[in-house]
Amino acid sequence: MTQSTSPSILITGATGTIGSELATHLSARGTPFRALVRSLENAKKLAQLDGAELVVGDLNDAESLVRALDGIERAFLLTNSSEQAETLQMNFVAVAQQTGVKHIVKLSQFAADLHSPVRFLRYHAVVEQKIRESGLAFTFLRPNLFMQALLGFRDSIVHQGKFFATAGKAPISIVDIRDIAAVAVEALTRPGHENKIYDLTGPEALTHQQMAAHFSDVLGRPVAYLDVPPAHLQQALLSVGFPEWQADGLLEDYAHYARGEASAVSSAIQEVTGKPARDFKSFVRDYATVFS
């Protein structure tokens, strides 16, 4: 349903995990928003939210972006992970600058850096730089590894009691996407977050072995983590349909984790939302039926 108040907030990536959580938060607050979607058919749940206004468009289509951004003051920028993500986000920033957007809240990544050996961290840094150069106010949300990424191991956890990656024994301050969305809501709806960078992490840094122990404890059955060679993980990713570019990028991500570069714990979630960040054990409890 659409409220009569014209929205001043635009969400991209609104049908994904973080975007849909953000949209739900805004709707619950009574804050109208516009969502850019590729098709109405795939956004039926989104359309049912109070305050939601859907506009069909594509980040490759400047005209559709102009229509989507008409009257918008603040925008949430998120795209799917793809080889075109940097170009698509740069397109969005250029049109936002032209149409009078005042503030972009960009979902970036923990340790984003122009000189990183990790392609995902480089591309996020390039887009961040573009936004800075645009003169628009910005908030960069830099989350660490998502707890919900473990849902990708659901089948092996359920059927084999194990999951695998190439993280070694390095601790990672893994974060819940529900907390990421909560920070995004604050940045989009309240003043004081302009030109800020928030590292978003959970309250503790855990090794994958410790994550497995939490699975075992909550699920009441043994769950083990297996550290495998990069070639093994690459083959597994390719076999389930990941394109080679993305598989290689994920290997770079995990090498970054294994080097211990993702262990720092930030208090930003508590500071921005006033609520403590969810810990990993709480995540497993909340998703226990998925892993059972």
Count the heavy atoms belonging to other residues, nucleotides or ligands that lie under 6.0 Å from [atom1] of [X], then report whether that count exceeds 12.
X	atom1	answer
Glu194	CD	yes
His159	NE2	yes
Arg38	CZ	no
Glu133	CD	yes

[X] to [Y] - nearest heavy-atom pair and separation:
X	Y	answer
Ala68	Leu10	O-CD1, 4.0 Å
Leu49	Thr24	CD1-N, 4.0 Å
Gln210	Ala205	OE1-O, 4.0 Å

Beyond-backbone contact of [X] with [Y], side-chain heavy atoms, under 4.5 angstrom:
X	Y	answer
Leu151	Phe291	yes
Thr189	Leu26	yes
Pro32	Glu53	no
Arg74	Val101	no
Thr15	Val37	yes
Leu251	Leu233	yes
Val183	Thr273	yes
Glu21	Thr17	no

On the six-membered ring of Tyr198, is Arg142 placed so that its NZ or CZ lies under 6.0 angstrom from the centre and within 45° of the ring axis? no
Tell me whether [X] contacts the main-chain N or O of [Y] through its side chain, where contact means a donor paired with an acceptor under 3.5 Å.
X	Y	result
Thr12	Leu78	yes
Ser173	Ala264	yes
Glu73	Ser8	no
Asn195	Phe138	yes
Lys44	Leu40	no
Tyr123	Leu114	no
Thr201	Ser266	yes
Ser27	Asp50	yes

Let me know which of Glu252, Glu86, Glu83 forms a salt bridge (Lys or Arg N to Asp or Glu O under 4.0 Å) with Arg119. Glu252
Decide if the gap between the ring center of His124 and the ring center of Phe140 is smaller than 6.0 angstrom. no
Centroid-to-centroid, Phe215 to Tyr287, below 6.0 Å? no
Can [X] and [Y] be counted as having a side-chain donor-acceptor contact under 3.5 angstrom?
X	Y	value
His208	Tyr257	no
Ser216	Arg221	no
Asn144	Gln109	no
Gln89	Lys106	yes

Parallel, tilted or perpendicular: which one describes the rings of Phe120 and Trp245, with boundaries at 30° and 60°? perpendicular
Honestly curious: do Ile9 and Leu65 fall in one hydrophobic cluster under the side-chain, below-4.5 Å linking rule?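 No; tracing contacts between hydrophobic side chains, which count when under 4.5 Å, never links both residues.
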Cluster question for you: counting only ILVMFWY and a side-chain heavy-atom cut-off of under 4.5 Å, with indirect links fine, are Leu107 and Val175 together?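 Cluster IDs for Leu107 and Val175 match.
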What is the distance from atom [atom1] of [X] to atom [atom2] of [Y], rounded to the nearest 0.5 Å?
X	Y	atom1	atom2	answer
Ile174	Leu145	CD1	CG	4.0 Å
Leu59	Ser64	CG	OG	7.5 Å
Ile18	Ile180	CD1	CD1	4.0 Å
Ile131	Glu128	CD1	CD	7.0 Å

Run the side-chain contact (heavy atoms from CB on, under 4.5 Å) test against Glu271 and tell me which residues pass, sequence neighbours left out.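 Partners of Glu271 under the side-chain contact (heavy atoms from CB on, under 4.5 Å) test: Ser267.
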Contacts of type side-chain contact (heavy atoms from CB on, under 4.5 Å), residue Ser282, not counting sequence neighbours: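 If we apply the side-chain contact (heavy atoms from CB on, under 4.5 Å) test to Ser282, skipping adjacent residues, the hits are Asp279, Arg285.
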Qualifying salt bridge (charged side-chain N to carboxylate O under 4.0 Å, His left out) pairs, either residue in residues 164-188, two or more places apart: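 Residue pairs with at least one partner in residues 164-188: Arg29-Glu186, Asp176-Arg178, Arg178-Asp286, Asp179-Arg278, Glu186-Arg190.
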From Leu136, Thr139, Leu188, residue fulfilling side-chain contact (heavy atoms from CB on, under 4.5 Å) relative to His103: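 Going through the options one by one, the only one that passes is Thr139.
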Run the salt bridge (Lys or Arg N to Asp or Glu O under 4.0 Å) check on Arg122 and Asp113 step by step: do they pass? CA-CA 5 Å; Arg122 289 196 304 273; Asp113 190 293; over 6 Å; no
Using the rule given for side-chain contact (heavy atoms from CB on, under 4.5 Å), can you reason through Leu77 versus Val93, listing the C-alpha separation, both sets of side-chain angles and the distance that settles it, and then say yes or no? CA-CA 9 Å; Leu77 178 56; Val93 174; 4.2 Å; yes
